[in-house]
Amino acid sequence: EPTALAITPTQVARVIALVAEGSLSTALARQAVDGVLQSGHDVDAVVAERGLVRVSDTSALTDAADAAIAANPEVADKVRGGKLPAVGALVGAVMKATRGQADAAAVRAILLERLGVSE
């Protein structure tokens with residue numbers, strides 16, 4: 001039963017608000033809900049304790065994008081050659097490097113810019 005869960009409607013609303021404002025991705029929101037269910041702590045406390053805030057620092061994302069490009073030159077060449085779907089592999093590498101905390105859309109845009117490709 002929903003009433004038996006260790007999360008309140010107010011806590012659920014807070015998670016939704018964090019996703020809406022861009023502080024959490026849906027994957028990070030799931031982790032936040034899991035943390036609340038396990039610990040009973042407040043949503044903001046769980047987010048802070050687990051470091052779940054989305055990485056939006058452009059310089060950090062650019063560094064991660066450059067590292068992904070350097071580690072995957074063949075994929076980068078495919079993207080430069082016009083195979084835009086291949087950028088997904090690079091986005092995945094950045095997401096892995098940032099533990100899923102990067103904004104995937106921002107990462108994609110940075111990667112395309114760094115590769116000199118426009119959509």
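All values below come from the heavy atoms of this structure, side chains included, with hydrogens, waters and symmetry mates left out.
- In this structure, I16 CD1 and T26 OG1 are separated by 12.5 Å, a value rounded to the nearest 0.5 Å.
- Between the CG atom of D42 and the CD atom of Q11 there is a distance of 6.0 Å, given to the nearest 0.5 Å.
- A pairwise comparison of heavy atoms in V87 and R108 identifies CG1-NE, 3.7 Å as the closest pair.
- Of all the heavy atoms in V94 and A64, the pair that sits closest is CG2-O, 3.6 Å.
- In this structure, the separation between CG on L28 and CZ on R99 is 9.5 Å, given to the nearest 0.5 Å.
- Separation of atoms CG (L84) and CG (L115) is listed at 10.0 Å; rounding is to 0.5 Å.
- In this structure, V75 and A89 approach most closely via the heavy-atom pair CG1-CB, 4.1 Å.
- Taking CG of L90 as the reference point, atom CG of L111 lies at 5.5 Å (rounded to 0.5 Å).
- Contact of the S39 side chain with the V46 side chain is registered, since non-hydrogen atoms from C-beta on lie closer than 4.5 Å.
- Considering all non-hydrogen atoms of both residues, V15 and A29 come closest at CG1-CB, 3.6 Å.
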Note to self: I'd like to know whether I69 forms a side-chain contact (heavy atoms from CB on, under 4.5 Å) with R80, so could you lay out the CA-CA distance, the side-chain angles of the two residues, the decisive distance to 0.1 Å, and finally the verdict.
What the structure shows: CA-CA 11 Å; I69 291 168; R80 285 186 192 105; 4.1 Å; yes
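- Nearest approach of S25 to G100, heavy atoms of both residues: OG-O, 4.2 Å.
- No path of Ile, Leu, Val, Met, Phe, Trp and Tyr side chains, each step under 4.5 Å between heavy atoms, connects V53 with M95, placing them in separate hydrophobic clusters.
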Note to self: One pair to check against side-chain contact (heavy atoms from CB on, under 4.5 Å): D44 and L18. What are the steps and the verdict?
What the structure shows: CA-CA 9 Å; D44 292 310; L18 290 170; 4.0 Å; yes
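- D57 places none of its side-chain heavy atoms less than 4.5 Å from the side chain of L61.
- If you take CG on L24 and CZ on R14, they are separated by 8.5 Å, rounding to the nearest 0.5 Å.
- In terms of heavy-atom proximity, I110 sits nearest to A65 at CG2-CB, 3.8 Å.
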